[in-house]
Amino acid sequence: AEALIVMVGANNEYFAPPDGGPSPLTRAMRRCIERGELREEILRRTIAPFFLRTVDDARAALDVAADIDIKDATTGTSTRPGALLQLIDCRSIK
């Protein structure tokens, strides 16, 4: 499984593009669809939650996620799926 979680600070171009249009991610996905690199369904099904955070907040959240136990209601076993998360890129863009 893959997930994209975007953590952004307030009042930036991701949060509120200057032209009032869709987010940069939506625009990029639409270009991929136009080039035949992505199915339209993926754009419709994509949820990219974004959170107003700093770089340090994002790293701390990843550390916390690694220690959260998730209990399987059917088997009673617990796992830590957050431990599988990998930080690919985390930067502050001003």
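Distance check: Cys32 SG to Ile42 CD1 gives 11.5 Å after rounding to the nearest 0.5 Å. In this structure, the separation between OG1 on Thr79 and CD1 on Ile70 is 6.5 Å, given to the nearest 0.5 Å.
At a threshold of 4.5 Å between non-hydrogen side-chain atoms, the residues Arg80 and Asp69 count as touching. A 4.5 Å side-chain heavy-atom check between Met29 and Leu38 finds at least one atom pair inside the cut-off.
Partners of Asp67 according to the side-chain hydrogen bond (donor to acceptor under 3.5 Å, both in side chains) rule, which considers only residues two or more places apart in sequence or in another chain, do not exist here.
Between the side chain of Arg39 and the backbone N or O of Ile33, no donor-acceptor pair lies under 3.5 Å.
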